[in-house]
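Here is the naming used below: chain letters follow the sequence lines, and residue numbers restart at 1 for every chain. What you see is a predicted model; the values in this text were computed from it and never measured.
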There are 2 protein chains.
Amino acid sequence: MKTETRRGRPRKFDEDVTLDQVMQVFWRNGYAATSLDQIAEATGLNRPSLYAAFGSKKDMYLNVISRFADRMHVYLAEAGQQTAGANPRLKAILIAAIDLYTGQTDLTDAPYGCLAISTLQTESPRDSEFKEALTVVIARMDKGFASLIRHETKGSMTEQEICTAAQHLALILHGLSIRARAGETPNVLKRLAESAVDKIIPFSNGN
Amino acid sequence: MKTETRRGRPRKFDEDVTLDQVMQVFWRNGYAATSLDQIAEATGLNRPSLYAAFGSKKDMYLNVISRFADRMHVYLAEAGQQTAGANPRLKAILIAAIDLYTGQTDLTDAPYGCLAISTLQTESPRDSEFKEALTVVIARMDKGFASLIRHETKGSMTEQEICTAAQHLALILHGLSIRARAGETPNVLKRLAESAVDKIIPFSNGN
DNA sequence: TTCATTTTTTACCAATTCGCATAAAAAGAT
DNA sequence: ATCTTTTTATGCGAATTGGTAAAAAATGAA
């Protein structure tokens, strides 16, 4: 089933490209400080077109947040598969995250940390949907780390230890995001990440 | 030298009380989403009075941020002096911070995390003064942890190890702030904090 | 060509934003 | 009592906000 040729005036924009542009604006400014005019300028569209395609400002923001979370998940999962063993894989993931946070990946050129952590936080007390979205993002990171650790250290850690270690790694990662947004350099952050992983999940030959 | 009796109409507000009220508004909403009308309502003053006393919105915000950092510093330092040894003192400090982040101290009733970390971040890319303020806050925490560790573990750690461990603790603390703002409970956060300290600066009888 | 459909564009709206100018009020000083 | 000083209160204003109505444009279908 191909899509039938579309009726009406054709769109002058690509939805994916536009959403990426919208993402950049929110990434830099956060939710509250971003205006639809800024988004309109960044995308080359005007407000009514944006509204027709993506809904309200809040819709766009939540859309972009979940888009970001998905991309980040894929990107980090892939980075974690280039090595073996819990400790090396976790290091690889944190280092990849730092590259993302400091604008070294094709997701963004700007060193603005984690889009979700940096911008959702601030809005969280005023809007329960944002608060929920933040909770979901955090839980997803916890689960991701936990499943990697569980998989790589079969039996040698209790489920309790696994979950705690996973949360420690996520805590570290969020702290790194903040420092990235504060302007800290990638290399400093990566050293911090590696030494942190060594304390949380020390290297062992077994896993 | 006493202050001479003041000329002119007396102020109807106490500067300290008002600044605390201003702090609550920024704490909840962040900088961008806070309006002067909201501040006016929270303080019972009107905008011209606020402006005359505290300057612009940005002035007020930076004022409140440094006020917060000072108070936090005093509060945590005191909490860290109720015990002895690096590991117990660090735990006491993190636990006190969590109480603050979750609205269990007299600084605020609201569980909005760390005012500086939560709200400065978002604004950081758009304003170099905010970015600088964030850097200062982070560095201050790093230094605080480092000096405690240095003092409690005389000689048994290299300066490099001390600074790295201090930064790990600050990273964890910032991660905890985010989770507090996301609505996580104090007890869960405190368990995470304690187990993290045990990994970063394990308990030893010597210090 | 004419019509139906979809998007773009222009223009507008009501509400809010920060800041300030000006006037009224409340105190001490003379 | 009158003047000076300081603060409070009223109200304006220019700009920006998110959102939408209505018209114009661009395409396929008939």
A:L50 CG - C:dT8 P separation (whole Å): 9 Å
Residue closer to the 5' end of DNA chain C, B:R9 versus A:F13 (nearest nucleotide): A:F13
Touch class at under 4.0 angstrom, heavy-atom based, for B:S35 against every strand present: sugar-phosphate
Whole-Å gap separating P (C:dC18) and CG (B:D59): 14 Å
Rounded distance (Å) that lies between atom C1' of D:dT5 and atom CZ of B:R11: 14 Å
Integer-rounded Å distance: D:dT17 P and A:Q38 CD: 7 Å
Protein-nucleotide distance (B:Y31, atom OH; C:dT17, atom C1'), rounded to Å: 12 Å
Selected nucleotide, minimal atom distance to A:N46 side chain, candidates D:dG18, C:dT9, D:dA9: C:dT9
Cation over ring face, B:K58 and B:Y31, 6.0 Å, 45°: no
Pairwise distance CZ(B:R71) to CZ(B:R67) - rounded to 0.5 angstrom: 4.0 Å
Nucleotide nearest A:P10 (side chain, heavy atoms from C-beta), chosen from C:dA21, C:dT9, D:dT27: D:dT27
For atom NZ of A:K58 and atom P of D:dG19, their distance in whole Å: 11 Å
Proximal nucleotide (of C:dC20, D:dT8, C:dT7) relative to the B:Y51 side chain: C:dC20
A:N46 vs A:S49, side-chain hydrogen bond (donor to acceptor under 3.5 Å, both in side chains): CA-CA, chis, key distance, verdict: CA-CA 6 Å; A:N46 40 36; A:S49 292; 3.0 Å; yes
Nucleotide C:dA14, atom P - distance to CG of A:L36 in whole Å: 19 Å
Any donor-acceptor N or O pair under 3.5 Å, side chains A:R28, A:Y112: yes
Nearest-nucleotide 5' precedence on DNA chain D, A:D37 against A:G8: A:D37
Side-chain donor-acceptor pair present, B:T108, B:Q24, cut-off under 3.5 Å: yes
Exercise: do B:S195 and B:D198 side chains pair donor with acceptor under 3.5 Å: no
From D:dT5, D:dG28, D:dT8, nucleotide with atom closest to B:R7 side chain: D:dT5
B:R47, nearest nucleotide to its side chain (from C:dT6, D:dG19, D:dG11): D:dG11
Nearest listed nucleotide, side chain of A:K12, among C:dG19, C:dT10, C:dT8: C:dT8
Watson-Crick and G-U pairing of DNA chain C, under 3.5 Å, as dot-bracket with | and [ ]: ||||||||||||||||||||||||||||||
Validation row, ring centre B:F130 to ring centre B:Y61 under 6.0 Å: yes
Atom-pair distance (CD on B:E15; C1' on D:dT7), nearest Å: 13 Å
